[in-house]
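The next block holds one structure in the form of structure tokens; read it before the comments.
As the structure is a prediction and not an experimental result, all values here were calculated from the model.
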Amino acid sequence: MQAGKPVLYSYFRSSCSWRVRIALALKGIDYETKPINLVKDGGQQFSEEFRALNPMKQVPALKIDGITIGQSNLSILKQVGQENQLTWAQKAISSGFTALETILQSTAGKYCVGDEVSMADLCLAPQVANAERFKVDLTPYPTISRINKTLLALEAFHVTHPCRQPDTPPELRA
């Protein structure tokens, strides 16, 4: 096994990639970012070079100590089809947020589960960003909105936000 700086193969808008960026930032792990554009050139994740690294052809892929770990959910949006993505995403996110808002009534403190950042929070902020991207009305979810605002004020969430990544298009930068 080779040791060295971890490398995160990431796409700025990937919520799964953002979760990994947040976790690395919270742990204070320095890493290198290698952008993989999921739409340019038919999707750079399908290149021979990337396929050799991650046969799943998905981001994120984290190469650490000579081992590559990968995970993603973009394939779902492709299965739904371009013409149905907005409606499907709004329905799926709203359904999940309705259930989560109820759960948070008994678990939330400053964050999703009490007053310490947990894995639930690493999932929440990217999903709220997805909700905003797909124009989901967040008014019915005041607890989710409050927690998200608190999370985005944390350095680890702020610096890893999709609008602050090296591959973020200029028109989407913060």
Side-chain angles (χ1 to χ4, degrees), residues 5-33 36 38 54 56 58-65 67-77 79-80 85-168 172 174:
K5 188 185 247 187
V7 178
L8 178 62
Y9 296 83
S10 174
Y11 181 59
F12 81 98
R13 191 176 260 167
S14 163
S15 55
C16 296
S17 294
W18 189 14
R19 289 181 203 124
V20 176
R21 292 191 304 262
I22 296 167
L24 292 168
L26 284 171
K27 292 295 184 181
I29 298 172
D30 188 29
Y31 64 96
E32 179 183 348
T33 299
I36 302 295
L38 301 182
N54 183 4
M56 294 282 299
Q58 299 173 329
V59 296
L62 179 64
K63 189 170 185 178
I64 187 165
D65 294 333
I67 298 169
T68 302
I69 305 164
Q71 188 267 332
S72 182
N73 63 8
L74 180 64
S75 59
I76 301 296
L77 284 178
Q79 291 175 23
V80 169
Q85 284 182 7
L86 182 65
T87 303
W88 179 86
Q90 288 174 337
K91 183 177 178 182
I93 293 168
S94 295
S95 175
F97 276 9
T98 297
L100 180 59
E101 186 71 22
T102 301
I103 292 167
L104 290 174
Q105 301 312 305
S106 62
T107 65
K110 189 174 180 181
Y111 305 112
C112 288
V113 182
D115 295 331
E116 297 292 325
V117 174
S118 70
M119 187 64 196
D121 301 298
L122 273 68
C123 294
L124 181 73
Q127 190 62 4
V128 172
N130 284 336
E132 292 167 345
R133 175 181 171 200
F134 289 107
K135 300 172 179 40
V136 173
D137 178 14
L138 296 175
T139 306
Y141 316 111
T143 308
I144 289 171
S145 296
R146 175 188 60 78
I147 293 170
N148 186 63
K149 183 177 179 184
T150 303
L151 290 169
L152 294 180
L154 297 175
E155 182 73 8
F157 287 77
H158 181 78
V159 301
T160 60
H161 194 280
C163 69
R164 293 180 184 83
Q165 297 312 298
D167 58 327
T168 303
L172 297 177

Just distance, no hydrogens or angles: give the donor-acceptor pairs under 3.5 Å from side chains in residues 106-116, sequence neighbours left out.
{"from": "Ser106", "atom 1": "OG", "to": "Ile103", "atom 2": "O", "distance (Å)": "3.1"}
{"from": "Thr107", "atom 1": "OG1", "to": "Cys112", "atom 2": "O", "distance (Å)": "2.8"}
{"from": "Asp115", "atom 1": "OD1", "to": "Lys110", "atom 2": "N", "distance (Å)": "2.7"}

(request) Enumerate the residue pairs fulfilling ring pair (Phe, Tyr, Trp, His ring centres under 6.0 Å) with a member in residues 116-168, sequence neighbours excluded, ordered by first and then second residue. (result) Trp18-His161, Phe97-Tyr141
(message) According to side chain to side chain donor-acceptor pair (under 3.5 Å), who are the partners of Asn130, at least two apart in sequence or on a separate chain?
(response) Ser15, Gln127
(request) For Ser118, check side chain to side chain donor-acceptor pair (under 3.5 Å) against everything at least two apart and list the hits. (result) Asp121
(message) Checking the side chain of Arg21 only, and the main-chain atoms of Thr160 only, is there a donor and an acceptor separated by less than 3.5 Å?
(response) yes
(request) Can you sort out the partners of Gln105 under side chain to side chain contact (heavy atoms under 4.5 Å, CB included), two or more places apart, ordered by chain and number? (result) Glu101, Thr143
(message) Taking side chain to side chain contact (heavy atoms under 4.5 Å, CB included) as the definition, give me every residue that meets it alongside Leu172, ordered by chain and number, with sequence neighbours left out.
(response) Phe12, Arg13, Thr168, Pro169
(message) Using 0.5 Å steps for rounding, measure from the CG atom of Leu124 to the OG1 atom of Thr150.
(response) 10.5 Å
(message) Looking at Asp65 and Ile67, would you say the former's side chain and the latter's main chain have a donor-acceptor pair under 3.5 Å?
(response) no
(message) Can you pull out every salt bridge (Lys or Arg N to Asp or Glu O under 4.0 Å) where at least one residue sits in residues 22-33? Sequence neighbours excluded, please.
(response) Lys5-Asp30, Glu32-Lys34
(message) Please enumerate all residues that pass side chain to side chain contact (heavy atoms under 4.5 Å, CB included) together with Ala153, with sequence neighbours excluded.
(response) none
(message) Tell me every residue that passes side chain to side chain donor-acceptor pair (under 3.5 Å) with Ser95, counting only those two or more places apart in sequence or in another chain.
(response) none
(request) With sequence neighbours left out, write down each residue that passes side chain to side chain contact (heavy atoms under 4.5 Å, CB included) with Pro6, or none if nothing qualifies. (result) Ile29, Tyr31, Leu62, Ile64
(message) If we check side-chain contact (heavy atoms from CB on, under 4.5 Å) with Val59, which of these qualifies: Leu8, Val20, Ile36, Asn54?
(response) Ile36
